[in-house]
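What follows is a single structure, written as structure tokens, with notes after it.
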Amino acid sequence: MADMVRTRFAPSPTGYMHIGNLRSALYTWLYARHHGGKFILRIEDTDRNRYVEGATEVIYRTLKSIGMNWDEGPDVGGEFGPYVQSERKDMYLPYAKQLVEMGKAYYCFCTNEELDARRAAAAERGETFKYDKHCLHMDKAEVERRLAAGEPYVIRQNVPEHGEASFDDAIYGHIKVDCAELDDMILIKADGMPTYNFANVIDDHTMGITHVMRGMEYLSSTPKYNLLYDAFGWEKPVYIHMTSIMRDAQHKLSKRDGDAYFEDYLAKGYLKDAIVNYVALLGWNPGDDREFFTLDELVDAFDVSGMSKSPAIFDVAKLTWMNAEYIRRMSAEEFDAAAEPWYEKAGIAHMDKGVLRRILQPRLEIFSQMADITDFLTKMDEEFDIALFTNKKSKTNAEVSAKVLDMVIPALEALPAWDEESLHSLLIGMAEANGMKNGTLLWPVRIGMAGKAVTPGGAIEIAVLLGREESLRRLKLSRARLNAAL
RNA sequence: GGCCCCUUGGUCAAGCGGUCUAAGACACCGCCCUUUCACGGCGGUAACAGGAGUUCGAGUCUCCUAGGGGUCACCA
């Protein structure tokens with residue numbers, strides 16, 4: 001038990017799951033599972049102004065859908081609860097007061113307005129503002145008096161003016177900073193709530209978190225947290241700071257570009273497993289050439305030594321490739337099931353599923369491409385440019401095409417069975433009998449039925465999908481339009 | 001601006017002092033396959049940010065410069 005790894009994912013409920021957050025959750029979860037430890041979910045809602053209704057449910061739903069289960073959390077409980085920060089509100093003040101008694105923290109009555117003014121003044125002088133410990137020097141009697149009078153106050157950490165604060169990061173190594181650089185951060189806000197920084201330290205310790213994994217934006221404030229651990233005489237956790245995911249070299253993935261949230265990609269038709277797989281590889285590598293991982297395989301392979309120090313740019317093209325690969329690797333049953341809603345949307349659900357699967361599975365990169373790629377099946381552009389009948393490689397032009405269609409249409413009308421095999425032997429047989437390349441015969445037929453240069457599948461598959469009546473209707477119509485070019 | 005972190009091809013990245021005339025993947029280009037387009041197969045273009053050291057030897061260690069990111073809130 002003493003060596004049991006305990007990690008935590010501590011999101012604030014803002015409504016959506018950011019891709020970067022998702023990856024942090026994933027790594028944190030993987031670390032715990034890989035080491036046979038516990039994964040704890042804690043909701044950090046100390047900022048009441050930012051609370052979003054239903055946001056916690058989004059977090060639960062997302063994590064569950066991916067398969068990241070938690071051992072302790074607001075909904076499942078646990079012996080270190082409560083797991084919602086606002087419900088722990090009363091736990092923090094005593095710790096802060098304890099620090100005050102030890103001289104490691106102090107009451108501060110400076111108002112926000114005063115501070116803002118001083119900050120602005122410092123900025124004007126081109127200086128970095130740092131709280132001057134003004135209230136630290138207030139005599140005890142006055143502090144007591146103002147407290148008794150009910151004056152609003154905050155509690156600040158008393159950072160030594162000299163010396164060094166440091167910590168060891170599992171990825172970045174030893175990070176140290178001069179205490180003179182550190183500001184006396186607020187531990188308890190005027191509303192009695194702890195700041196994120198303070199709550200984090202207290203919660204992580206009281207919840208027995210052994211490995212603190214979080215974004216690297218906390219790298220520079222972590223030495224300050226360690227001062228708190230030292231003051232309390234607590235054992236420090238192992239720190240593992242994780243890189244951020246970027247849109248490009250200088251910007252993080254952002255809400256504005258509609259590329260930041262897990263939900264965005266789901267809506268665009270990406271598979272959750274592909275997203276998770278791709279994201280897992282952004283900032284971590286298994287040390288070999290493997291790229292495809294199930295969650296279980298990730299648990300097995302995950303290791304801090306494979307985590308990178310520099311931020312990674314999110315490459316949609318690679319995600320798309322990976323998603324396409326996931327689609328191609330689906331079994332027939334899986335593909336049919338996943339495709340069904342998209343077939344409905346595209347209006348082709350009544351067509352031959354076997355043929356659809358065969359032409360679409362290797363071609364779709366994301367399911368949302370379905371409607372576009374199959375649009376000609378539901379409705380041919382009857383005004384299509386008849387120049388499409390001309391194709392050099394297939395040796396076709398308007399004249400050849402007219403000839404081919406004149407020959408093919410009656411033969412198709414006479415074909416007893418309208419199935420793939422019959423269509424295939426008829427058309428290929430005709431090409432051979434007439435000494436034509438397959439392409440010379442099939443090109444006009446495909447164009448005549450599709451009215452489009454690029455189609456998934458060829459003439460035979462399209463004919464099967466459209467059925468005899470519609471195929472012939474289109475071919476006759478196209479043949480008639482060809483007259484204009486002769 | 002102060003402080004902290006980072007820096008291998010367009011992107012993800014392997015590399016942990018010699019086997020680097022630097023792997024693999026995506027993207028891109030070419031060829032093959034072929035009933036268009038894909039899929040698949042084969043091949044190609046493309047990188048150690050720059051400069052000083054240390055060393056017999058540096059992508060790998062040190063320092064400097066440059067570039068990028070983070071942070072400096074009663075936000076998390």
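Numbers restart at 1 for each chain; the letters A, B, ... are given by sequence-line order, proteins then strands.
OP1 or OP2 of B:G40 lies within a sub-4.0 Å distance of a side-chain N or O belonging to A:R328. At the phosphate of B:A13, neither OP1 nor OP2 sits under 4.0 Å from any side-chain N or O atom of A:K318. Listed pair A:S308 / B:A13 meets the phosphate criterion, a side-chain N or O lying under 4.0 Å from OP1 or OP2. Listed pair A:N285 / B:A14 meets the phosphate criterion, a side-chain N or O lying under 4.0 Å from OP1 or OP2. Here A:K224 does not reach the OP1 or OP2 of B:C4: none of its side-chain N or O atoms lies under 4.0 Å away.
In this entry B:C16 has no Watson-Crick or G-U wobble partner, no candidate having both defining distances under 3.5 Å. Here B:G2 sits opposite B:U71 as a Watson-Crick or G-U wobble pair (both hydrogen-bonding atom distances under 3.5 Å). Look at B:U62: its Watson-Crick or wobble partner, with both distances under 3.5 angstrom, is B:A52. With a 3.5 Å ceiling on both atom-pair distances, B:U21 lacks any Watson-Crick or G-U wobble partner. Both distances falling under 3.5 Å, in either a Watson-Crick or a G-U wobble arrangement, place B:G43 opposite B:C29.
To the nearest 0.5 Å, atom OG1 of residue A:T195 and atom CE of residue A:M185 are 6.0 Å apart.
Comparing B:C12, B:C6, B:C26 by their nearest atom to the side chain of A:A317 picks out B:C26. The side chain of A:W443 sits closest to B:U36 out of B:U36, B:G1, B:U71.
Only the P atoms considered, B:G44 is 29 Å distant from B:G51, to the nearest whole Å. Comparing B:G68 with B:G50, their C1' atoms sit 15 Å apart, to the nearest whole Å.
For A:D406 and A:R479, the salt-bridge test passes: some basic side-chain N is under 4.0 Å from an acidic carboxylate O.
Within residues 105-123 of chain A, the residues having any heavy atom closer than 4.0 Å to RNA chain B are, in order of number, A:C110, A:T111, A:N112, A:R119.
On a pure distance criterion of 3.5 Å, no polar donor-acceptor pair joins the side chain of A:R446 and the base of B:U35. Side-chain atoms of A:Y218 come within donor-acceptor range of the base of B:A76, with a qualifying N/O pair under 3.5 Å.
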